[in-house]
Amino acid sequence: QEQVAESGGGSVQIGGSLRLSCVASGFTYSAACVAWFRQPPGKEREGVAALYTGSGKTYYLDVEQGRFSISQDVPQNTVFLDLSNLQTGDTAMYYCEAEGHCPPMTARQALGTAVYGNWGRGTQDRVSS
């Protein structure tokens with residue numbers, strides 16, 4: 001059974017950093033794509049970063065490129081999202097999504113929800129002053 005599980009959320013002060021982890025199990029990991037989404041309170045979910053596990057190709061939401069970094073530990077089937085210089089607007093639930101066999105995609109598709117069939121429960125990040 002294909003599953004993803006997030007961890008690493010927490011409370012930080014403005015300017016702080018967090019590392020989120022997503023473990024993908026039950027996948028043919030080398031053929032998968034994994035994306036991180038965030039959903040601030042009262043707002044829609046939006047993709048912030050995506051990764052093709054086989055090629056290592058990455059996509060980012062333009063406004064967050066430079067603050068967010070997606071990477072992977074292939075032997076551990078784990079994808080990370082490093083968040084830096086966090087601001088109060090980054091307070092959100094962060095979700096990992098994955099798909100086992102990903103077609104070639106544009107950045108817009110990779111950061112959209114339509115392609116992914118496996119969602120985690122999310123991890124909460126809170127940024128305070």
Side-chain angles (χ1 to χ4, degrees):
Q1 183 180 359
E2 296 177 337
Q3 293 181 335
V4 294
E6 307 96 333
S7 62
S11 297
V12 297
Q13 292 187 324
I14 290 175
S17 301
L18 283 172
R19 165 169 271 201
L20 308 182
S21 299
C22 172
V23 179
S25 58
F27 289 88
T28 301
Y29 184 79
S30 61
C33 51
V34 179
W36 283 98
F37 287 71
R38 68 182 174 194
Q39 187 166 17
K43 296 185 179 181
E44 294 186 354
R45 194 172 299 192
E46 65 175 352
V48 295
L51 171 79
Y52 277 96
T53 57
S55 67
K57 185 173 179 62
T58 58
Y59 297 99
Y60 292 96
L61 184 66
D62 285 346
V63 295
E64 302 302 357
Q65 192 158 8
R67 287 200 312 133
F68 293 178
S69 177
I70 191 169
S71 60
Q72 63 177 333
D73 181 337
V74 173
Q76 297 297 322
N77 285 11
T78 301
V79 175
F80 304 103
L81 183 67
D82 289 300
L83 313 174
S84 62
N85 191 23
L86 287 164
Q87 305 299 312
T88 55
D90 295 313
T91 294
M93 285 292 291
Y94 285 77
Y95 297 91
C96 173
E97 302 179 26
E99 181 57 37
H101 291 85
C102 283
M105 292 187 287
T106 63
R108 182 169 183 158
Q109 290 170 321
L111 297 176
T113 59
V115 70
Y116 301 101
N118 298 279
W119 291 67
R121 293 185 176 183
T123 183
Q124 176 72 55
D125 291 350
R126 289 188 178 87
V127 184
S128 60
S129 57

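Values reported hereafter were calculated over all heavy atoms of this structure, with side chains retained and with hydrogens, waters and symmetry mates removed.
Side-chain atoms of N77 never come within 3.5 Å of backbone atoms of S25 as a donor-acceptor pair (strictly under, hydrogens ignored). Side-chain N or O atoms of Q39 include none that pairs as donor or acceptor with a backbone N or O of Y94 at under 3.5 Å. In this structure, Q109 contributes its side chain and V115 its backbone to no donor-acceptor pair below 3.5 Å.
Between Y29 and V74, the closest heavy-atom pair is CE2-CA, 4.0 Å. When all heavy atoms of E44 and P40 are compared, the closest pair comes out as O-CD, 4.0 Å. Nearest heavy atoms, P103 versus Y52: O-OH, 2.6 Å. Across S71 and D82, no two heavy atoms sit closer than the pair OG-OD2, 4.3 Å. Here the shortest heavy-atom pairing between A50 and Y116 reads CB-OH, 3.9 Å. The heavy-atom pair separating T78 from S21 by the smallest distance is CG2-CB, 4.2 Å.
Residues L83 and I70 are members of one and the same hydrophobic cluster, defined by side-chain heavy-atom contacts under 4.5 angstrom among Ile, Leu, Val, Met, Phe, Trp and Tyr. Placement of V23 and V4 in two distinct hydrophobic clusters is found when ILVMFWY residues are connected by side-chain heavy-atom separations under 4.5 Å, directly or transitively.
Looking at T123 and L20, their side chains come closer than 4.5 Å, going by heavy atoms from C-beta outward. Annotation: side chain of L86 is not in contact with side chain of D125 (no heavy-atom distance under 4.5 Å). Looking at heavy atoms from C-beta onward, Y95 lies out of side-chain contact with C22 at the 4.5 angstrom threshold. Proximity of T53 to F27: side-chain heavy atoms (C-beta onward) are nowhere separated by under 4.5 Å.
Of the residues V48, T113, L61, the one that meets the side-chain contact (heavy atoms from CB on, under 4.5 Å) test with F37 is T113.
The NZ atom of K57 sits 13.0 Å away from the SG atom of C33 when rounded to the nearest 0.5 Å. In this structure, OG1 on T58 lies 14.5 Å from CZ on F68, to the nearest 0.5 angstrom. With rounding to the nearest 0.5 angstrom, the CH2 atom of W36 is 13.0 Å from the OH atom of Y60. Here the SG-CZ distance, from C96 to R121, works out to 14.0 Å after rounding to the nearest 0.5 Å. To the nearest 0.5 Å, atoms CZ (R38) and CG (L81) are separated by 9.5 Å. Between the CD atom of E6 and the CD atom of Q124 there is a distance of 12.0 Å, given to the nearest 0.5 Å.
Other residues, nucleotides and ligands place no more than 12 heavy atoms under 6.0 Å from the CZ atom of R126. The number of heavy atoms from other shown groups lying within 6.0 Å of CD (Q13) does not exceed 12.
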